[in-house]
There are 2 protein chains.
Amino acid sequence: METDAPASPFRTREQKAEERSAKRRALLIAAVRMFNERGYHATLLEDVAASLGVSKPTIYHYLGNKERVLLECIALGIEQYHRAIDEAREAPGSGLDRLRHFLRAYARANMDDFGRCVIRTGPEPLSPEGRQGLRERKRRIDAAMRGFIEEGIADGSIVPTDSKLLAFTLAGALNWPARWHVPGGELSAEELASRMVDMLTIGLAPR
Amino acid sequence: METDAPASPFRTREQKAEERSAKRRALLIAAVRMFNERGYHATLLEDVAASLGVSKPTIYHYLGNKERVLLECIALGIEQYHRAIDEAREAPGSGLDRLRHFLRAYARANMDDFGRCVIRTGPEPLSPEGRQGLRERKRRIDAAMRGFIEEGIADGSIVPTDSKLLAFTLAGALNWPARWHVPGGELSAEELASRMVDMLTIGLAPR
DNA sequence: CGAACAGGTTACTCATGGGTATATTGATTG
DNA sequence: CAATCAATATACCCATGAGTAACCTGTTCG
């Protein structure tokens, strides 16, 4: 029990703001989990609200309409990919090393609640504008990945190939766990990511 | 113009049956294309019917309710995978050769209308029974794939690894084109399948 | 103190779209 | 020829679920 301070029941302004954003966040997480489990269409905002013991209009109060909820989940997912890019850009070593670093982070992102949502819930449920924005942002991630690949080709750590096709191939393989990986599985996301990246970068035939 | 026979306007029983199954097939194809383009939920059976110039009840007449339509599309998709398995089982060469053969056929299946549907439309829209059946049938495909891998490990053409994880990784990579490949693209499905399989089986680092 | 506001509720509206009842027409068959 | 069936249409029913209106309550602030 935390009893350092007298723990007054009267909250300060900051505590209020914090509380609000904690509630927002909790609703968002409840929503994304249900999206991932049941699919976007099969998820009722009413059920999301009920899972936290509140009523549907509360969601509208904190998050806006259903598409806005989804868009925010997607935005949070995309953020993870951006972190993966930044992280890999700063990594030392050859282009292949940086690519591997990126791929591991990318794979981990795909097993996070929000990352999974980006993959599982395709662009279909979004409005044309939403789809547009999503495509745009995905394109940027793809470009970054291709950058790592080309860097690797340039420094000789990766065999010359069609970088676009390679990027799609690698991304596809690492996207798929968003469909089958269950968080509490035998392998941790970390472990899984590492092993998959090894398989992809090393190849199958004995040397 | 075909005018070999007097071409009577009165159809025989077989012609009638053929005509009927041709209509069924046409409806199914129209449906699967729209499922793939717009997503299952966003597809109205009314629109599917309209795309062939008929009305909604005609679909119910030929195909039954919406889930039945989807289930049949999925069944046709799954058939392609089975053909891929049979084809690869009869292929000559090492385990790796057979695996590569299977992977190419699998990738091609994923770019066919019905195959794409299996991937794009996950199990979410199905009823519990439908989901159950789908999982079952997918499991069998996965088992076959693992068979090829283990065979390759046994005969030394594939380096020893976790065959389950490898199967997921490879399948994931080859599933992904179902999301981005557009039929009339620069690369044919055939070509694309070959290149991706090469990338996956050979690895990235120079030897 | 009273006005305004934040957080929440209950109880509605209403478009949508899956599915069906029923009618029509033309061919098939006893 | 009557009965039936296949193939289609029109016009409807009705559950569902997103979104909203109106209301309540406690807190904050001029």
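Within every chain, numbering begins at 1; the chains are lettered A, B, ... in the order of the sequence lines, protein sequences first and strands thereafter. Treat the numbers as computed from the prediction; the structure is a model and nothing was measured.
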> Can a cation-pi geometry be assigned to B:Lys66 and B:Tyr40, taking NZ or CZ under 6.0 Å from the six-membered ring centre and within 45° of the ring axis?
Replying inline: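 Yes, a cation-pi geometry.
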
> Which parts of residues 35-44 of chain B get close to DNA chain C, meaning a heavy atom less than 4.0 angstrom away?
Replying inline: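 Close to the strand are B:Thr43, B:Leu44.
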
>> Below 4.0 angstrom, which residues in residues 63-73 of chain B have at least one non-hydrogen atom near DNA chain C?
In response: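 Listed by number, they are B:Asn65, B:Lys66.
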
Only counting residues at least two apart or in another chain, list the ones meeting side chain to side chain contact (heavy atoms under 4.5 Å, CB included) with [X].
X: B:Ser194; answer: B:Arg104
X: B:Arg131; answer: B:Pro123, B:Leu126, B:Pro128
X: A:Ala105; answer: A:Ala84, A:Glu87, A:Arg108

Using the 3.5 Å cut-off, write out each protein N or O paired with an N or O of nucleotides 23-26 of chain D and the distance between them.
none

>> Can you build the contact string for nucleotides 6-12 of chain D? Use B for base contact, S for sugar-phosphate-only contact, and - for no protein heavy atom under 4.0 Å.
In response: -SBBB--

> Among all residues two or more places apart in sequence or in another chain, which pass the salt bridge (Lys or Arg N to Asp or Glu O under 4.0 Å) test with A:Lys164?
Replying inline: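 A:Lys164 satisfies salt bridge (Lys or Arg N to Asp or Glu O under 4.0 Å) with B:Glu186 once adjacent residues are dropped.
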
> Got a sec, which residues hit salt bridge (Lys or Arg N to Asp or Glu O under 4.0 Å) with A:Arg135, two or more places apart in sequence or on another chain?
Replying inline: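 Per chain and number, A:Arg135 pairs via salt bridge (Lys or Arg N to Asp or Glu O under 4.0 Å) with no residue.
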
> For the side chain of B:Glu67 and the backbone of B:Ser127, is there at least one donor-acceptor N/O pair under 3.5 Å apart?
Replying inline: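 Yes; at least one donor-acceptor contact below 3.5 Å.
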
In whole Å, I'd like the distance from the [atom1] atom of [X] to the [atom2] atom of [N].
X: B:Tyr60; N: C:dG17; atom1: OH; atom2: P; result: 12 Å
X: A:Ile59; N: C:dT10; atom1: CD1; atom2: P; result: 15 Å
X: A:Asp47; N: D:dA18; atom1: CG; atom2: C1'; result: 13 Å
X: B:Glu46; N: C:dG18; atom1: CD; atom2: C1'; result: 10 Å

> Under 4.5 Å between any side-chain heavy atoms of B:Val48 and B:Thr43, yes or no?
Replying inline: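 When only atoms from C-beta onward are counted, B:Thr43 and B:Val48 do touch, with a gap below 4.5 Å.
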
>> Quick one, B:Glu136 and B:Arg139 - any side-chain contact, counting heavy atoms below 4.5 Å?
In response: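 Yes, side chains in contact.
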
>> Which residues pass the ring pair (Phe, Tyr, Trp, His ring centres under 6.0 Å) test with A:Tyr106, not counting sequence neighbours?
In response: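 Ring pair (Phe, Tyr, Trp, His ring centres under 6.0 Å) check on A:Tyr106 returns A:Tyr81, A:Phe102.
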
>> If the condition is ring pair (Phe, Tyr, Trp, His ring centres under 6.0 Å), which residues does A:His41 pass it with, not counting sequence neighbours?
In response: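 Listed in chain order: B:His41.
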
> How would you list all residue pairs meeting side-chain hydrogen bond (donor to acceptor under 3.5 Å, both in side chains) that involve residues 47-60 of chain A, not counting sequence neighbours?
Replying inline: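 For residues 47-60 of chain A, and leaving out neighbouring residues, the side-chain hydrogen bond (donor to acceptor under 3.5 Å, both in side chains) pairs sorted by first residue read A:Arg38-A:Asp47.
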
>> Just checking A:Arg20: does its CZ atom have more than 12 heavy atoms from other residues, nucleotides or ligands closer to it than 6.0 angstrom?
In response: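 For A:Arg20, atom CZ is crowded (more than 12 foreign heavy atoms under 6.0 Å).
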
